[in-house]
Structure formats: structure tokens, C-alpha cells
Amino acid sequence: MAVSYLKRDSSKKHETFSQEDWSSAYCNVEKELDKSELKLVKGSIPTQISGTFYRNGPGRLERGGKWVHHPFDGDGMIAAFKFDDGKINLTNRFVRTKEWLEEERSQKFLYRGVFGTQKDGGLLANAFDVRLKNIANTHVIKLGDELLALWEASSPYSLNPLTLETNGISTLNGVLKNGEAFSAHPRFDPGHHGKERMVTFGVNTGPKSTIRLMEFSNEGENAGSLLSDRKDSFNGFAFLHDFAITPNWAIFLQNAISFNPLPFLFGKKGAAQCLTSKPDGNPQFLLIPRDCGKFAGEPPKTVNAPKGFVFHHLNAWEENEKIIVESIFYDDFPSIGPDDNFRKIDFDQLPEGTLKRCEINPAKNAFNCTTLSNQCCEFATVNPNFEGLKSRFSWMATAENKVGNGPLQAIKKFDSLNNGEISWSAAPRGFVSEPVFIPSQESNSEEDDGWVVVLVWNSIRSGTDLIILDSKDLAEKAILQVPISIPHGLHGSWVES
Ligand code: CO
């Protein structure tokens, strides 16, 4: 039974949340702070945790009284929570993209957003303006000396890992062309072939889509240097937000989706609003051999995949000749209509994400898919030391209820060995975001030894709390008040110091 840390309002005891509480998180981040200490309100910060929890998400949702059409169009704001000797301090900065700087100066939206935000001036002003605004708001990771703010449709932005000062667009030492698509979901190989690597990709999409798969050193003096690079083309439009790795494979799921750019060109919709699912289409797994693995240089394989839509994968591994991949599936692509008000979305009308496991048999072009948990979930993670290897435990954000859709309000630890689960809940007045796993540094530590950190929107005080949970039993170790209010966000990462 989940225990809530935020007291219930007795007049609303039967509700798991109120729409007003949930949408109150949509605000602008008003301040940029330097090493501002968080206020501990409960528990204590485990002194063994030493490092930085970086987190990205939309921080600017309104300009000159005009709101974005969807929060995903909000400019990226990086928060760095530094854990040091039982204390935590926060430094936060907007990513100084070229477009952010221009809009700051003019105090209005000068660019259309991919998720439907329009410039002033109606259709005439928006039609045929196909410039992309790089909002750098999806993920933040450290590679070598660079902290990278990622947004999948364009170049990463490089920041100083300590001060969060923006250095500018990064080409990763000349690997990327300026403006080249670069995924917001790199995967970190913990050392399947010796040293640690960062594996990532970019997609050039169209009637034929090309995936560029890149591997970078992520250890020692060479961290950040390119180790391998290959390009593979596939038929059809590919919308690929995430992928998974094993020691020998990079695994993609090409959803059955189509893209009609006309409403975008004519200024009626954002580019992402022009995606629609193809109920009769054939989704497929794209399996690309990694250059460091035993199938190096071989052509990719395609295997039929289950219907549904996937943004995020949890993990993947190899068992004999099969590849196992665990992913969060939606029944359909959750589209964003041009007239929808993002604050008033009806969760009951949207498909929920559920955790599934697919066993892929490339030799037989076959798959077998089972549901691991039916509870609405997102942002699932494993212990990073088990990335690409058989993992038993996962941590994820879930809705409060076991069935149906709802906002993310709880953190669940899932045990795939026996489908066991335990939860920590912030309902009814708290709303969770992506849990980030901090592995224990003790020798002989087990897969689920460590901590989970998560930012929670506390609607009682219209502010953000940082929660530290014990990853084994989800016991609440510490609750801290963050000195700024941060809207519902996207992805983050943990960097040991
Ligand atoms: Co994502």
C-alpha cells in the first residue's frame, strides 16, 4: 500500500488528484540560481551520495502573455543538484540557444514550436515558416568535459558542467554537422567491450529513413572521442525517440506512423502534430549490429513488431539467439490537436503506457510479447550498471490508480522475477517526474542497492520538492524544498563526482 507524503484534503478524499493541482505546475521558471542550498524538511541526506543530478525540461512556457500550445515547446532549463557531504545545492540556467536569446530580447515568440505553438499574426505569419526552433529541452548528459543539452531534431548545446554557462552548439569535435539531428536518448554501455561507451543515434527521416549510429568513448582521457559510426537506411517514415542496446545490437522500434507535412507548411499545425498512426501499418524492430560486437559490419535485420506506439524503452539484453527488449507501449499515438488546451487534457481520453517485454527471434522474423504490468507508467529506468544486460529490477513513474490513465503521482519499483511491486506515492496533491537511479558505490552491492531521486510538484505550496528514496524498499530518506518552482519536466541523469 502506497503511503503519501502530502496530506490529503479531507473534502476530496476520494479523488486521486485534481486537474487544478496538476496543471498548477505549468509556470515559468523565474530565477537562475548559483549554488543555492536546498532546505531539508524531513529525514537526512545520505552522506555516501556524492555527485550531481542534472535535469532538463521546459522552463519558459509563456512570453508577453502568450502561452505555448504544448509544454514540450517550452525552452530548456537545466537544473544541477550537487550532492556534497550531506548537503544539496542547486544551480540552474536556461540553455542560451540562439532562438532563446532572440525571444528574450523581443519578449515574444518569434518561432513556431514543433508541438503547435504559433507566432503572432495568424496563418499568414506562420505559413511556410519551416524554421525549427532548437529548444534544447529534452535531456541533459555529460560526455567528457561537456554537459550536453539534447533535443532530438537538431544539434546538442554544450554547457559548462559546473556553472551551466552555455558554450554554444556542439559538433562533438566535428562529428556532427551544424543542425544535424542528434537523439535525446543516448545509452550508456557500462563496459560490455572493456571501457565505458556512449551509444547514440540521429535520424534523417522521409519516405526512406537513415539512422546514423555513433559510439563515443566515455572513460578516461579519450572520453568524447568517436569510436564508431555507421549509417543504415530503411523504407518508410521513422519516428524514433529512443532505442535500446545490448553488447551486440542497437535496437529500434519503428512505429507504424505517417507524417503529412501540409498542415505544418500551411501554418495550421506544428510539425509533431502532423504525425498520425497507421492502424494498418506494420511496425518493425530495426536491429543494427554494433561495430564493437560479434556481428560488426553485417547488414541490419528487420523483424515484425507488435502494434502500438513506443516512446521509451526500459532495457534490452541477449539470451542465446534471442533479443529481449522491455518497453512502454501505448495503444495508439497520443496526438495533440490544434484546439486542445494542455491544462485541460482529459486523461481518460488518452491511451496509457504499459510495460511490456518482447522476445525477438531474428532468425524466424518472429516476436513474442507479454505484458509485465498494466499500470499506467512512464520514465522507467534500470540500474545503469545493467544497461544492455539481463536486469531484474526497474523503477518508474506511475499513475496513482492500478488501472486507467492518470497523471504520474507515484514511483514504483518493479521486480520482473515474480512481477512484484512496491510504490511510493505523492498523491493526491503531489506529481512525480522521471526517477533517476543512483547506484551504490559499495563493493558487492546488489542490483537494487542505491537511491532514487525524483522531483515532485508539490501543489500545496506551488513548489518543487526533491525526494530521495532508498531504491531497495522505496523508504523515504529525505524531502527537500527546491528554491525555484520547476514545471513538469523531461529527462535527467546522474554524474558521480
Ligand atoms: Co524521452
Side-chain angles (χ1 to χ4, degrees), residues 53-59 70-79 95 113-115 132 134-143 148-157 181-188 198-203 205 211 238-245 250-255 257 270-272 275 308-316 325-330 333-336 342 350-356 376-382 384 387 394-398 407-408 411 431-437 453-455 486-494:
F53 165 36
Y54 290 105
R55 210 260 204 164
N56 199 352
H70 190 277
F72 288 175
D73 279 341
D75 302 270
M77 193 282 299
I78 310 292
V95 186
V114 166
F115 290 90
L132 280 181
N134 185 341
I135 41 176
N137 72 357
T138 313
H139 201 348
V140 54
I141 55 107
K142 190 162 178 274
L143 180 66
L148 299 174
L150 304 174
W151 183 66
E152 68 194 20
S154 193
S155 305
Y157 265 84
F182 189 72
S183 164
H185 277 287
R187 292 279 172 178
F188 290 89
M198 185 180 94
V199 190
T200 192
F201 67 99
V203 192
T205 200
I211 298 174
F239 174 74
L240 303 168
H241 176 67
D242 191 10
F243 77 135
I245 57 165
I251 300 136
F252 297 83
L253 203 171
Q254 184 179 8
N255 298 289
I257 205 154
L275 296 169
F309 186 85
V310 169
F311 287 106
H312 295 125
H313 301 285
L314 169 61
N315 197 18
V325 58
E326 296 179 339
S327 317
I328 297 170
F329 275 82
Y330 294 81
F333 177 68
S335 59
I336 304 157
F342 68 83
L350 290 172
E352 67 266 26
T354 55
L355 187 62
K356 297 189 182 193
C376 167
C377 68
E378 249 306 343
F379 298 133
T381 185
V382 295
E387 181 89 48
S394 53
W395 294 262
M396 63 203 76
T398 70
L408 302 172
I411 300 299
F431 301 87
V432 306
S433 53
E434 177 185 63
V436 171
F437 187 89
V453 287
V454 59
L455 295 184
I486 305 178
H488 301 304
L490 294 166
H491 301 289
S493 59
W494 173 253

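All ligand and atom numbering here is 1-based and tracks the order in the structure.
Look at His139 and the Co ion (ligand 1): no N/O/S atom of the residue is under 2.8 Å from the metal.
The aromatic rings of Phe239 and Phe309 lie parallel to each other, with less than 30° between the two planes, well short of the 60° mark. Ring-plane geometry between Phe72 and Phe115 is classed as perpendicular, the angle between the planes exceeding 60 degrees on a 0 to 90 degree scale with a lower cut at 30. Between Phe333 and Phe311, the ring-plane angle classifies as tilted under the 30° and 60° cut-offs.
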*Pair His185-His241, side chain to side chain donor-acceptor pair (under 3.5 Å): steps then yes or no*: CA-CA 7 Å; His185 277 287; His241 176 67; 3.0 Å; yes
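Among heteroatoms of the N, O or S kind in His312, NE2 lies nearest the Co ion (ligand 1).
Considering the Co ion (ligand 1) as centre, the angle to NE2 of His185 and to NE2 of His241 is 90° (10° rounding).
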